[in-house]
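Below is one structure; the comments refer to it alone.
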Amino acid sequence: MNQTVEQVEGLIQKRYKAGFTTDIESEMIRPGLDEEVIAMISAKKNEPEWLLAWRLKAYRHWLTMAEPKWAHLNIPPIDLQALHYYASPKQKNRPKSLDEVDPKLLETFDRLGVPLHERARLAGVAVDAVFDSVSVGTTFQKELKEAGVIFCSMSEAVAEHPELVQAYLGSVVPPTDNYFAALNSAVFSDGSFVYVPKDTVCPMELSTYFRINARDTGQFERTLIVAEAGSQVSYLEGCTAPMRDENQLHAAVVELVALDRAQIKYSTVQNWYPGDENGKGGIYNFVTKRGDCRGTESRICWTQVETGSAITWKYPSCILRGERSSGEFYSVALTHNHQQADTGTKMIHLGKGSTSKIISKGISAGRSNNSYRGLVRVAKKADDVRNYTQCDSLLIGKTCGAHTFPYIESANATAKIEHEATTSRIGEDQLFYCRSRGLDEEEAVALIVDGFCKEVFKELPMEFAVEAKALLEISLEGSVG
Amino acid sequence: MLEIKDLHVSTDGQEILKGLNLSVGEGELHAIMGPNGSGKSTLGYTLAGREDYQVTSGSIELNGEDLVEMEPDERAAAGVFLAFQYPVEIPGVNNAYFLRAALNAQRKARGEEEVDGVNFLKMVRESLKDLEMDESLLKRAVNEGFSGGEKKRNEIVQMAVLQPTLAILDETDSGLDIDALKLVAHGINQLRDGKRSFVVITHYQRLLDYLSPDHVHVLSGGRIVESGGPELAQRLEAEGYGYLEKAS
Ligand SMILES: Nc1ncnc2c1ncn2[C@@H]1O[C@H](COP(=O)(O)OP(=O)(O)O)[C@@H](O)[C@H]1O
Ligand SMILES: [Mg+2]
């Protein structure tokens, strides 16, 4: 009996390795959402007055809005008044360096494979670690400073670089943009801030690891990356949460600004807890990500590998304002069991000669539903725009769904827009071929899926491509047979 | 070595093999000929363990082991290899990676040590050279965009690397020009070591000219209806299968 329970638990652990909880006292603001709570969040963070005013304005606008209903998702009602909007691990004083961070927190990130301490840091990757509502520390601060790059938590940026934050915050995703963005603007707690000065190539990969730990809390982080003219930066975010029976809300906003000839590469490996095989629990991942190619020949590239979350609502987009600017979107979205995903991108072509490329790979298994939703819009004055979209769906089994919703709105006749879409089922032929060569069923599925995703994986930084591949394999366990 | 007794196989509710008997000894090469639709590929799939081909009665033993109850990957580890009549494309999966994963999966299942990248490359390179295939083939995706002839030769490369104890080749010679045919025959002969056994399904005498089979069988209507030596293949080449209809 006991042994069976252990075996089952072992299996679940294998399936979602990040499902543990850290036993640490946390400091919470009472549940509920109102102006007082917002003022409390702002006070906790010693924010300047302009920011509190900005939050309250967003909140008042949010009150007039309704949840979006257009996505191909079945979202149960969320009681926003029952949530905590702020939770932080209790620390006596704000740690001045990583040496002062609570060992329990360091151990948590260790277990997640993101060591923060000096000895074991990932070579060539600077990490900002966000635990519930606050950043617990950022590695390689000194090295980055020497290069002139600012990489810190949003709270720190508000304190240390208020002029930069004020100039760019909300300039890409205005607080009124949509329901979840407005909510985030009102209550956002932490996140990362990156500023790369003119003509600077950021000397290492930057990465933020988001961890939800506390019960009944939402995570509302906000990330802002500004790349000055001629600069380059590559940024990666990873995310996990413990396994819980209740659903938890994650509503983030990410804003990218690329000036003349600047290049920003933003990669995501999203592995929030997806819920169990009966669809109980899991994270609601409602995220607004947008990049503004403000400068001439600027370039923004989104790469995402989405395997987690109970529900995903996410459309990393590019506003191609600059002449000859370019936007790219590479996506692998995998849904299993009862997961739902409605994800894709928007490429808004405003600049002459701007180009965009969209490669989307959707994989559905179990009883899941996976939708691609993509908009390509060309403004009247934007001559000679080019877009290429390729959108492939792979079905595993017979009870899942894949859907494609492409929208093309072109107001300029010189635009060249290409769209290709395929849907296929993992073939019995392919499976049998692999198995007849000696691979077992899971190895065979993993191999076929990996091949299907190749074009996207090759866009990820090396270390993360390996991680993404391993993640897909784990997420697919038990999807056949 | 391989003992098939009174084998009945159905797919989609239709019986295709109807009491097939075949005995292949160690080191022997048997050719199987027969009209289209007679069940030759079905025999190959059944030996390799394809799920939708159900063995309703009869037995298959390989060196005394019951194959029927084994999964396809277990059969592969036990030494069964099927060169497909229509090799399957796996987009995005590197050909060399695929073959090494297969080799190591088999070795692991047999409790043998895995082969490292360097030794693996050495093995494949030799096979490629033998079959006069370009090394660039290793970098391409499994069978994707391969010509018909390249696909067939790729099966032989896989066979050479995996070193099976029983190889079943399903019309590997169909669609090959005479030069490619010679290479394939050479690939097979290279592996003939007096221990390995072969079942070669073919329509053509010309392949058998290079292979000198120990036995030739005619499969028709789901049964072996005639067996003989190499002279049987020559007679079929000259006379065709017309006599089968007259007999039945
Ligand atoms: N998957 C299948 N479903 C239904 N019928 C099949 C299937 N595979 C083969 N058959 C039928 O079985 C018979 C034998 O086919 P096959 O073994 O491919 O013959 P051969 O290889 O000798 O040409 C044919 O009548 C064919 O139509
Ligand atoms: Mg056939």
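Within every chain, numbering begins at 1; the chains are lettered A, B, ... in the order of the sequence lines, protein sequences first and strands thereafter.
Taking a 6.0 Å sphere around OH of Y86(B), one finds it holds 12 or fewer heavy atoms contributed by other residues, nucleotides or ligands. Within 6.0 Å of CZ in R192(B) there are more than 12 heavy atoms belonging to other residues, nucleotides or ligands. Around atom NZ of K458(A), more than 12 heavy atoms belonging to other residues, nucleotides or ligands sit under 6.0 Å away. Counting non-hydrogen atoms of other residues, nucleotides and ligands closer than 6.0 Å to OH of Y97(B) gives a total of 12 or fewer. Other residues, nucleotides and ligands contribute at most 12 non-hydrogen atoms within 6.0 Å of the CD atom of E428(A). More than 12 heavy atoms of other residues, nucleotides or ligands shown are found within 6.0 angstrom of CD on E112(B). Residue E51(B) qualifies as open at atom CD: its count of foreign heavy atoms under 6.0 Å is 12 or below.
Heavy-atom distances place both the backbone and the side chain of A48(B) under 4.5 Å from chain A. For E455(A), no part lies near chain B; criterion is any non-hydrogen pair under 4.5 Å. Contact of Y433(A) with chain B is made through backbone and side chain together, with heavy-atom distances under 4.5 Å. Using a 4.5 Å cut-off between heavy atoms, Y45(B) touches chain A through backbone and side chain atoms alike. For C434(A), the parts sitting under 4.5 Å from any heavy atom of chain B are the backbone and the side chain alike.
Across all their heavy atoms, S436(A) and P72(B) have their closest contact at N-CB, 4.3 Å. Heavy atoms only, all atoms of each residue included: I448(A) and I90(B) are closest at CG1-CG2, 4.1 Å. Annotation for A76(B) and R435(A): closest pair CB-O, 4.2 Å, computed over non-hydrogen atoms. Counting all heavy atoms, side chain and backbone alike, A105(B) lies closest to G438(A) at CB-O, 3.3 Å. Between G49(B) and F432(A), the closest heavy-atom pair is C-CE1, 3.8 Å. Annotation for L439(A) and A101(B): closest pair CD2-O, 3.7 Å, computed over non-hydrogen atoms.
Between D429(A) and R50(B) a salt bridge is recorded (basic side-chain N to carboxylate O distance below 4.0 Å). The residues E155(B) and R437(A) are annotated as salt-bridged, a charged nitrogen and a carboxylate oxygen being separated by less than 4.0 angstrom.
Residues satisfying the side-chain hydrogen bond (donor to acceptor under 3.5 Å, both in side chains) test with T343(A), not counting sequence neighbours, are Q304(A). Every residue two or more places apart in sequence or in another chain was checked for a ring pair (Phe, Tyr, Trp, His ring centres under 6.0 Å) with Y388(A), and none qualifies.
Among E71(B), R75(B), R107(B), E74(B), the residue with the largest count of heavy-atom pairs under 4.5 Å with chain A is E71(B). Looking only at heavy-atom pairs under 4.5 Å with chain A, the residue among A102(B), A77(B), P87(B) that has the most is A102(B).
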Output, in order, the C-alpha distance, side-chain angles, deciding distance and verdict of side-chain contact (heavy atoms from CB on, under 4.5 Å) for V93(B) and F452(A). CA-CA 8 Å; V93(B) 176; F452(A) 177 74; over 6 Å; no
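Of the possible polar contacts, one joining the Q430(A) side chain to the E89(B) backbone as a donor-acceptor pair under 3.5 Å is found.
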